[in-house]
Amino acid sequence: MILLTPVVSFLLAVSFYPIFDTVIGSLHTGYVLEMNPREFVGLENYREIYGSGPLLDHS
């Protein structure tokens, strides 16, 4: 069981870190390569996406 601990830890880090980073990044504005620090905007990005008509228009 002790021998599995490093493997399980590595797999969890590799699996969940990108998901966590994506969720945190979606709550901020700015680009990764931009020199300015990102600004926290909360759920405003989601309101902008889901509030626009073309995304929800299925025609």
Side-chain angles (χ1 to χ4, degrees):
M1 187 68 172
I2 292 176
L3 294 175
L4 289 176
T5 304
V7 173
V8 171
S9 300
F10 176 75
L11 289 176
L12 286 175
V14 169
S15 298
F16 289 115
Y17 176 74
I19 296 169
F20 178 74
D21 191 46
T22 300
V23 170
I24 295 299
S26 71
L27 300 175
H28 292 81
T29 60
Y31 298 101
V32 176
L33 300 176
E34 193 174 89
M35 296 302 289
N36 297 331
R38 300 187 301 175
E39 178 184 346
F40 180 76
V41 293
L43 297 175
E44 187 62 35
N45 290 334
Y46 291 103
R47 286 188 198 118
E48 183 178 331
I49 290 172
Y50 292 119
S52 63
L55 180 67
L56 300 176
D57 188 15
H58 298 293
S59 56

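Predicted model only: the values in this text are computed from it and were never measured. Residues take their numbers from the sequence shown, with the count starting at 1. Below, all heavy atoms of this structure are taken into account, side chains as well, without hydrogens, waters or symmetry copies.
- Y17 and F10 are members of different hydrophobic clusters when ILVMFWY side chains are connected at heavy-atom separations under 4.5 Å.
- Under a 4.5 Å side-chain heavy-atom criterion applied to ILVMFWY residues, the cluster that includes I24 comprises F20 as well.
- Residues meeting the side-chain contact (heavy atoms from CB on, under 4.5 Å) test with L11, sequence neighbours left out: V7.
- Here the closest non-hydrogen pair linking P18 and A13 is CD-O, 4.0 Å.
- Remark: F40 pairs with L27, H28 by the side-chain contact (heavy atoms from CB on, under 4.5 Å) rule, at least two apart or across chains.
- With sequence neighbours left out, the salt bridge (Lys or Arg N to Asp or Glu O under 4.0 Å) criterion links E44 to R47.
- Atom OG1 in T29 sits 10.5 Å away from atom CD in E48 (nearest 0.5 Å).
- Partners of S26 according to the side-chain hydrogen bond (donor to acceptor under 3.5 Å, both in side chains) rule, which considers only residues two or more places apart in sequence or in another chain, are Y46.
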